[in-house]
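In what follows, a structure is listed as C-alpha coordinates, so that the remarks can point back to it.
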Amino acid sequence: MSRAAGRVKLIVTIVDRGKGLRAMELYQAGRSPFHYTSLGQGTANSETLDMLGLGVTEKDVLLSLVPEERVPGLLRQISEGMQLHKPGHGIVFTLPLRGICRAASDALHGGDAGKEDNMPMEQERAYDLVVAVINHGYVDQLMTAAKAVGARGGTVIHARRNNFEEIESVTGFSIQPEKEIVAILIPRKERLAVMKAINQAAGLSTEAKGIVFSLPVEEMSGLSHPSPEQAE
(Lines give C-alpha, C1' and ligand atoms only; values in the text may rest on other atoms or scores of the structure.)
Protein backbone atom coordinates (compact mmCIF):
# COMPACT_ATOMS: atom_id res chain seq x y z
CA MET A 1 0.00 0.00 0.00
CA SER A 2 1.30 3.47 -0.86
CA ARG A 3 2.27 6.06 1.71
CA ALA A 4 -0.69 8.26 0.66
CA ALA A 5 -3.13 5.66 1.95
CA GLY A 6 -2.01 6.39 5.51
CA ARG A 7 -2.32 10.17 5.45
CA VAL A 8 -4.29 11.89 8.19
CA LYS A 9 -5.39 15.53 8.43
CA LEU A 10 -6.48 17.70 11.32
CA ILE A 11 -9.86 19.36 10.76
CA VAL A 12 -10.45 22.47 12.89
CA THR A 13 -14.08 23.52 13.37
CA ILE A 14 -14.94 26.80 15.13
CA VAL A 15 -18.63 27.43 15.87
CA ASP A 16 -20.71 29.33 18.43
CA ARG A 17 -20.73 27.93 21.96
CA GLY A 18 -23.13 25.02 22.25
CA LYS A 19 -22.99 24.03 18.58
CA GLY A 20 -19.87 21.93 18.92
CA LEU A 21 -21.96 18.90 19.88
CA ARG A 22 -23.88 19.11 16.62
CA ALA A 23 -20.63 19.33 14.67
CA MET A 24 -19.27 16.29 16.54
CA GLU A 25 -22.43 14.33 15.71
CA LEU A 26 -21.92 15.12 12.02
CA TYR A 27 -18.31 13.95 12.17
CA GLN A 28 -19.28 10.74 13.94
CA ALA A 29 -21.96 10.11 11.31
CA GLY A 30 -19.14 10.36 8.77
CA ARG A 31 -17.12 7.67 10.60
CA SER A 32 -14.70 10.11 12.26
CA PRO A 33 -14.47 9.17 15.96
CA PHE A 34 -11.37 11.09 17.15
CA HIS A 35 -12.26 14.56 18.49
CA TYR A 36 -10.92 17.04 21.02
CA THR A 37 -13.10 19.95 22.14
CA SER A 38 -11.93 23.25 23.66
CA LEU A 39 -13.69 26.45 24.65
CA GLY A 40 -12.67 29.53 22.71
CA GLN A 41 -13.66 33.16 22.34
CA GLY A 42 -14.03 35.27 19.22
CA THR A 43 -12.14 38.57 18.97
CA ALA A 44 -14.48 40.58 16.73
CA ASN A 45 -15.86 43.76 18.31
CA SER A 46 -19.59 44.29 18.91
CA GLU A 47 -20.00 46.42 15.77
CA THR A 48 -18.52 43.68 13.61
CA LEU A 49 -20.64 41.05 15.37
CA ASP A 50 -23.81 43.04 14.68
CA MET A 51 -22.85 43.45 11.04
CA LEU A 52 -22.25 39.71 10.66
CA GLY A 53 -25.38 38.77 12.56
CA LEU A 54 -23.48 37.15 15.42
CA GLY A 55 -24.97 37.25 18.90
CA VAL A 56 -22.18 35.64 20.90
CA THR A 57 -18.40 35.60 20.90
CA GLU A 58 -17.97 32.39 22.92
CA LYS A 59 -16.87 29.54 20.66
CA ASP A 60 -16.55 25.78 20.61
CA VAL A 61 -13.28 24.66 18.99
CA LEU A 62 -13.36 21.09 17.72
CA LEU A 63 -10.16 19.32 16.62
CA SER A 64 -10.76 16.16 14.59
CA LEU A 65 -8.28 13.62 13.21
CA VAL A 66 -9.55 12.36 9.87
CA PRO A 67 -8.12 10.06 7.17
CA GLU A 68 -7.34 12.16 4.10
CA GLU A 69 -9.69 10.26 1.82
CA ARG A 70 -12.68 11.15 4.02
CA VAL A 71 -11.90 14.87 4.26
CA PRO A 72 -13.78 16.18 1.16
CA GLY A 73 -17.00 14.38 2.10
CA LEU A 74 -16.79 15.44 5.74
CA LEU A 75 -16.17 19.08 4.82
CA ARG A 76 -19.25 19.08 2.60
CA GLN A 77 -21.27 17.41 5.35
CA ILE A 78 -20.11 19.89 8.00
CA SER A 79 -20.52 22.92 5.73
CA GLU A 80 -24.09 21.92 4.86
CA GLY A 81 -25.08 20.65 8.31
CA MET A 82 -23.75 23.73 10.12
CA GLN A 83 -24.77 26.13 7.31
CA LEU A 84 -21.27 27.55 7.08
CA HIS A 85 -22.13 29.21 3.76
CA LYS A 86 -24.04 31.79 5.82
CA PRO A 87 -21.97 34.61 7.38
CA GLY A 88 -21.27 34.15 11.07
CA HIS A 89 -22.22 30.46 11.30
CA GLY A 90 -18.67 29.26 11.83
CA ILE A 91 -15.61 28.15 9.97
CA VAL A 92 -13.90 24.85 9.20
CA PHE A 93 -10.45 24.25 7.75
CA THR A 94 -7.82 21.53 7.54
CA LEU A 95 -4.20 21.40 8.61
CA PRO A 96 -1.72 18.84 7.28
CA LEU A 97 0.10 16.58 9.71
CA ARG A 98 3.80 15.95 9.22
CA GLY A 99 3.51 12.68 11.06
CA ILE A 100 1.27 10.58 13.27
CA CYS A 101 1.94 7.61 15.52
CA ARG A 102 1.31 4.21 13.98
CA ALA A 103 -1.33 3.16 16.51
CA ALA A 104 -3.49 6.23 15.88
CA SER A 105 -3.11 5.94 12.11
CA ASP A 106 -4.08 2.26 12.20
CA ALA A 107 -7.13 3.04 14.33
CA LEU A 108 -8.27 5.80 11.97
CA HIS A 109 -7.82 3.61 8.91
CA GLY A 110 -9.25 0.47 10.44
CA GLY A 111 -5.86 -1.19 10.82
CA ASP A 112 -4.86 -0.66 7.18
CA ALA A 113 -2.83 2.53 7.14
CA GLY A 114 0.17 1.26 5.24
CA LYS A 115 3.80 0.93 6.30
CA GLU A 116 4.64 4.62 6.52
CA ASP A 117 3.61 7.17 9.09
CA ASN A 118 1.60 10.13 7.84
CA MET A 119 3.76 12.47 5.71
CA PRO A 120 1.77 14.68 3.30
CA MET A 121 3.47 16.15 0.25
CA GLU A 122 3.87 19.92 0.07
CA GLN A 123 1.40 21.79 -2.17
CA GLU A 124 0.41 25.36 -2.97
CA ARG A 125 -1.94 26.77 -0.34
CA ALA A 126 -3.94 29.99 -0.21
CA TYR A 127 -4.31 30.34 3.59
CA ASP A 128 -2.18 30.04 6.70
CA LEU A 129 -3.11 29.82 10.36
CA VAL A 130 -1.14 32.30 12.46
CA VAL A 131 -0.93 31.18 16.10
CA ALA A 132 0.30 33.34 18.98
CA VAL A 133 0.75 32.17 22.58
CA ILE A 134 0.74 35.17 24.91
CA ASN A 135 0.36 36.08 28.56
CA HIS A 136 -3.17 36.52 29.82
CA GLY A 137 -4.65 39.97 29.26
CA TYR A 138 -2.96 41.05 26.02
CA VAL A 139 -5.40 39.81 23.38
CA ASP A 140 -6.75 43.29 22.57
CA GLN A 141 -3.21 44.62 22.13
CA LEU A 142 -2.37 41.75 19.78
CA MET A 143 -5.56 41.95 17.73
CA THR A 144 -5.32 45.72 17.29
CA ALA A 145 -1.91 45.23 15.69
CA ALA A 146 -3.04 42.26 13.57
CA LYS A 147 -6.16 44.02 12.28
CA ALA A 148 -4.12 47.07 11.32
CA VAL A 149 -2.38 44.95 8.67
CA GLY A 150 -5.36 43.01 7.37
CA ALA A 151 -6.53 40.41 9.91
CA ARG A 152 -10.33 40.34 10.32
CA GLY A 153 -10.54 38.47 13.61
CA GLY A 154 -9.40 35.41 15.46
CA THR A 155 -10.26 32.81 18.07
CA VAL A 156 -8.87 32.83 21.61
CA ILE A 157 -8.29 29.65 23.60
CA HIS A 158 -7.47 30.02 27.28
CA ALA A 159 -4.61 27.80 28.42
CA ARG A 160 -2.14 27.26 31.25
CA ARG A 161 1.57 26.61 30.96
CA ASN A 162 2.79 23.37 32.50
CA ASN A 163 6.00 22.99 34.55
CA PHE A 164 6.36 26.76 34.93
CA GLU A 165 7.60 26.36 38.52
CA GLU A 166 10.52 24.23 37.33
CA ILE A 167 11.37 26.77 34.61
CA GLU A 168 11.32 29.61 37.13
CA SER A 169 13.71 27.75 39.46
CA VAL A 170 16.20 27.17 36.65
CA THR A 171 16.03 30.58 34.94
CA GLY A 172 15.28 32.81 37.94
CA PHE A 173 12.59 34.60 35.93
CA SER A 174 8.97 34.88 37.00
CA ILE A 175 6.69 33.16 34.48
CA GLN A 176 2.97 33.78 34.19
CA PRO A 177 1.25 30.37 33.96
CA GLU A 178 -2.01 31.67 32.48
CA LYS A 179 -1.75 31.89 28.70
CA GLU A 180 -4.01 32.75 25.81
CA ILE A 181 -3.67 31.12 22.42
CA VAL A 182 -4.83 33.35 19.57
CA ALA A 183 -5.48 31.67 16.21
CA ILE A 184 -5.95 33.86 13.12
CA LEU A 185 -6.80 32.47 9.69
CA ILE A 186 -5.20 34.70 7.06
CA PRO A 187 -4.52 34.69 3.31
CA ARG A 188 -0.98 33.46 2.81
CA LYS A 189 0.24 36.69 1.18
CA GLU A 190 -0.70 38.59 4.37
CA ARG A 191 0.91 36.10 6.76
CA LEU A 192 4.31 37.74 7.12
CA ALA A 193 2.87 41.22 7.74
CA VAL A 194 0.50 39.88 10.40
CA MET A 195 3.24 37.88 12.13
CA LYS A 196 5.58 40.90 12.18
CA ALA A 197 2.84 43.14 13.60
CA ILE A 198 2.04 40.62 16.32
CA ASN A 199 5.69 40.19 17.19
CA GLN A 200 6.18 43.95 17.53
CA ALA A 201 3.04 44.46 19.63
CA ALA A 202 3.03 41.29 21.73
CA GLY A 203 6.30 39.44 21.13
CA LEU A 204 8.89 38.18 23.59
CA SER A 205 10.32 41.68 24.05
CA THR A 206 6.94 42.97 25.32
CA GLU A 207 5.02 42.28 28.51
CA ALA A 208 2.82 39.87 26.55
CA LYS A 209 5.89 37.59 26.08
CA GLY A 210 4.31 36.15 22.96
CA ILE A 211 5.53 33.40 20.69
CA VAL A 212 4.08 33.46 17.18
CA PHE A 213 4.19 30.79 14.47
CA SER A 214 2.15 29.76 11.45
CA LEU A 215 0.72 26.55 10.03
CA PRO A 216 -0.30 25.83 6.43
CA VAL A 217 -4.04 25.46 5.85
CA GLU A 218 -5.39 23.16 3.17
CA GLU A 219 -9.17 22.94 2.63
CA MET A 220 -11.28 25.73 4.13
CA SER A 221 -14.96 26.69 4.34
CA GLY A 222 -16.89 29.47 6.08
CA LEU A 223 -14.55 32.43 5.53
CA SER A 224 -15.61 35.12 3.08
CA HIS A 225 -12.19 36.83 3.00
CA PRO A 226 -10.96 36.96 -0.64
CA SER A 227 -8.19 34.61 -1.55
CA PRO A 228 -4.72 35.97 -2.37
CA GLU A 229 -5.45 35.43 -6.07
CA GLN A 230 -8.72 37.38 -5.85
CA ALA A 231 -7.07 40.22 -3.92
CA GLU A 232 -4.49 40.87 -6.61
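Positions are given from 1 along the sequence. Here the structure is a predicted model, which means the values were calculated and not measured. As a basis for the values below, the full set of heavy atoms in this structure was taken, side chains included, without hydrogen atoms, waters or symmetry mates.
Interatomic distance, CD of E69 versus CG of L74, reported as 10.0 Å (0.5 Å rounding). Going from atom CZ of R70 over to atom OG of S64 covers 12.5 Å, rounded to the nearest 0.5 Å. Here M195 contributes atom CE and Q200 contributes atom CD; the two are 12.5 Å apart, rounded to the nearest 0.5 Å. Atoms CD and CG, on E218 and L75 in that order, are 10.5 Å from each other to the nearest 0.5 Å. The line from OG1 of T13 to CZ of F93 is 8.5 Å long, rounded to the nearest 0.5 Å. Here I91 contributes atom CD1 and I14 contributes atom CD1; the two are 6.5 Å apart, rounded to the nearest 0.5 Å.
For the pair V182 and M143, the minimum side-chain heavy-atom distance is below 4.5 Å. Here the side chains of H89 and V15 are not in contact, with every heavy-atom distance at 4.5 Å or above. The closest side-chain heavy-atom distance from R191 to K189 is not below 4.5 Å. Between Q141 and E207 the shortest side-chain heavy-atom distance does not fall below 4.5 Å. Side chains of S214 and R188 form no contact here, defined as non-hydrogen atoms less than 4.5 Å apart. Contact annotation: the side chain of V92 approaches that of S79 to within less than 4.5 Å [non-hydrogen atoms, C-beta and beyond].
For R17 (side chain) and K59 (main-chain N/O), a donor-acceptor pair under 3.5 Å exists by modelled atom type.
Between G88 and D16 the shortest heavy-atom distance is O-OD2, 4.2 Å. Across every non-hydrogen atom of A29 and Q77, the tightest pair is CB-NE2, 3.8 Å. Contact between G20 and L62 at its shortest, heavy atoms only, is O-CD2, 4.3 Å. Listed here is the closest heavy atom pair of T206 and A201: CG2-O, 3.7 Å. Scanning both residues, I184 and G153, for their nearest heavy atoms gives CG2-O, 3.5 Å. Pairing each heavy atom of T155 with each of G40, the nearest pair is CG2-CA, 4.4 Å.
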Take R152 and K147 through the test side chain to side chain contact (heavy atoms under 4.5 Å, CB included) and record every step on the way to the result. CA-CA 6 Å; R152 295 180 57 196; K147 289 179 179 179; over 6 Å; no
Let's go through K209 and I134 carefully: what are the C-alpha distance in whole Å and the side-chain angles of both, what is the deciding distance for side chain to side chain contact (heavy atoms under 4.5 Å, CB included) to 0.1 Å, and is it a yes or a no? CA-CA 6 Å; K209 301 299 180 186; I134 59 175; over 6 Å; no
Could you go through the side chain to side chain contact (heavy atoms under 4.5 Å, CB included) check for V212 and V131 one step at a time? CA-CA 6 Å; V212 59; V131 180; over 6 Å; no
Side chain to side chain contact (heavy atoms under 4.5 Å, CB included) between I78 and Y27, worked out: CA-CA 7 Å; I78 292 296; Y27 280 118; 3.6 Å; yes
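Salt-bridge check for D60 with K19: failed, with every basic side-chain N at 4.0 Å or more from each acidic carboxylate O.
Partners of A183 according to the side chain to side chain contact (heavy atoms under 4.5 Å, CB included) rule, which considers only residues two or more places apart in sequence or in another chain, are L129. Qualifying side chain to side chain contact (heavy atoms under 4.5 Å, CB included) partners for K196, counting only residues two or more places apart in sequence or in other chains: L192.
A donor and an acceptor atom, one from each side chain of E180 and Y138, are nowhere located under 3.5 Å apart.
No option in V66, L10, I11 other than I11 meets the side chain to side chain contact (heavy atoms under 4.5 Å, CB included) test with T94.
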